[in-house]
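The block underneath contains the structure these notes are about, expressed in structure tokens.
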Amino acid sequence: MINVALFGIAREIVGQSSLALPAGEGQSVGELLATLRTRYPELGRLRSLAVAVNNEYAGAEVALHERDEIALIPPVSGG
Amino acid sequence: MINVALFGIAREIVGQSSLALPAGEGQSVGELLATLRTRYPELGRLRSLAVAVNNEYAGAEVALHERDEIALIPPVSGG
Amino acid sequence: MLIDLTDQPIDVAAVLQAAESDEAGAVNAFVGTVRNRSEGRRVVRLHYEAYPPMAVHQLRRVAEMAQEKWPVLRQVAVVHRHGTLEIGDVAVVVAVSTPHRADSFAACQFIIDTLKEVVPIWKKEEYEDGTVWVSAHP
Amino acid sequence: MLIDLTDQPIDVAAVLQAAESDEAGAVNAFVGTVRNRSEGRRVVRLHYEAYPPMAVHQLRRVAEMAQEKWPVLRQVAVVHRHGTLEIGDVAVVVAVSTPHRADSFAACQFIIDTLKEVVPIWKKEEYEDGTVWVSAHP
């Protein structure tokens with residue numbers, strides 16, 4: 001299983017603050033995003049959607065591991 | 001008589017903080033500057049030398065009057 | 001370097017003081033406060049949500065990027081608040097010091113601009129008749 | 001608008017607070033402090049001499065020029081100190097508020113740049129072996 005932390009509007013769309021997914025549904029960042037966009041179409045309407053792995057932004061090709069700290073990052077608006 | 005207030009390096013060059021001049025020696029800003037540069041050649045070596053009349057910078061053609069508040073402004077360096 | 005994410009009111013003077021240096025004559029500071037209007041709508045208050053470990057890590061990275069771009073940078077201090085903020089509250093303070101002033105303006109602006117692009121903090125504006133996650137949609 | 005020339009220590013936080021506005025989310029502040037070096041020489045302290053009535057008048061004019069160039073400017077605060085200052089002392093604080101941040105940086109930088117060109121204040125640097133009126137000669 002991989003755990004995905006959810007924040008802001010992504011947390012509200014999914015309706016919970018984290019998701020546990022079978023590892024097969026998100027072996028890479030790109031696959032994880034595809035899975036989530038299919039399951040929660042509203043995520044696809046956001047201005048952007050990124051994935052962070054261990055506190056760094058991760059490209060689509062990055063492989064995900066069970067021990068990684070993974071988070072879905074909707075458009076940020078700090079400052 | 002016109003009174004000219006002196007500041008900073010101009011005050012040090014002249015050796016006093018104000019000068020009283022017969023009105024004839026400075027009927028205009030340009031004439032005042034010419035008089036002072038002749039009398040205190042070191043003033044001519046400054047990067048710039050301006051005259052303020054009643055708190056505003058004044059051009060060479062501005063006429064000076066006894067009641068004006070007149071000051072010699074060497075290169076400023078505030079901030 | 002002072003980097004902090006806090007749910008308590010920010011002491012602006014303390015952040016500026018952290019950025020001062022005897023070697024640097026110029027301190028530039030940016031203070032972001034909660035406005036009472038946003039795109040024509042009256043804002044009642046703001047809610048900032050953060051992903052704390054990543055937010056702190058990315059704040060530090062932004063400060064380090066600024067130090068790489070401006071090796072003259074002497075001190076950098078960045079403090080961001082999260083939680084519920086009222087109108088006029090300080091949400092973020094960035095303060096930097098450099099020997100000469102032009103660099104202090106450029107480095108401070110770089111930090112706040114980059115912070116707004118990469119630091120995982122999300123702002124929800126509350127109006128009298130609803131809420132909106134800022135910049136979430138195109 | 002807060003404009004002041006003082007021979008007392010400047011309360012930086014008070015100047016920033018004077019620049020805050022509920023209508024303006026962005027405050028930019030520039031703080032000029034006394035550096036321990038200038039063009040390679042060790043500075044012991046600084047002496048600022050001012051022509052007070054004209055300095056205050058010109059500070060106000062610079063602030064008004066900024067308000068003309070940036071009509072979005074909500075608040076402007078400029079305080080300059082004169083007299084003898086030690087290393088680390090604050091010599092000048094400029095703080096402005098605008099609805100959006102880019103304007104706050106540009107307006108604050110305009111004010112400090114213009115202040116340095118027109119406000120009749122003179123800085124004398126004291127070194128261990130003498131003094132120099134800054135920028136007096138070409």
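First the proteins, then the strands, lettered A, B, ... as listed; each starts at 1.
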**Item:** Parallel, tilted or perpendicular: rings of C:H80 and C:Y48 (30°, 60°)
**Value:**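 If you compare the ring of C:Y48 with that of C:H80, the planes turn out perpendicular.
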**Request:** Find the one option among D:G88, D:A91, D:A29 whose heavy-atom pairs under 4.5 Å with chain C are most numerous.
**Result:**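 Maximum pair count with chain C is reached by D:A29.
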**Request:** Identify which of C:A95, C:A102, C:S97, C:P99 forms the greatest number of heavy-atom pairs closer than 4.5 Å to chain D.
**Result:**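 Top option by heavy-atom pairs under 4.5 Å: C:P99.
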**Prompt:** With a 4.5 angstrom heavy-atom cut-off, which part of D:A24 approaches chain C: side chain, backbone, both or neither?
**Reply:**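 D:A24 touches chain C through backbone heavy atoms alone.
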Output yes when [X] and [Y] qualify as a salt bridge under the 4.0 Å nitrogen-oxygen rule, no when they do not.
X	Y	value
D:R35	C:E23	no
C:D113	D:R101	yes
C:R41	C:D129	yes

**Message:** Would you say CD of C:E86 has more than 12 non-hydrogen atoms from neighbouring residues, nucleotides or ligands within 6.0 angstrom?
**Reply:**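 Yes, CD of C:E86 has more than 12 neighbouring heavy atoms, counting only those of other groups under 6.0 Å.
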**Item:** Ring centre gap for C:F110 and C:W70 strictly below 6.0 Å
**Value:**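 Judged by ring-centre distance (under 6.0 Å), C:F110 and C:W70 do meet the cut-off.
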**Message:** If the contact rule is any heavy atom under 4.5 Å from chain C, which residues of residues 3-22 of chain D qualify, in numerical order?
**Reply:**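 Within residues 3-22 of chain D, the residues under 4.5 Å from chain C are D:V12, D:A13, D:L16, D:E20, D:S21, D:D22.
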**Exercise: identify the closest heavy-atom pair between D:L85 and D:V90** =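 Answer, listing the atom of D:L85 first, then D:V90: CD2-O, 3.6 Å.
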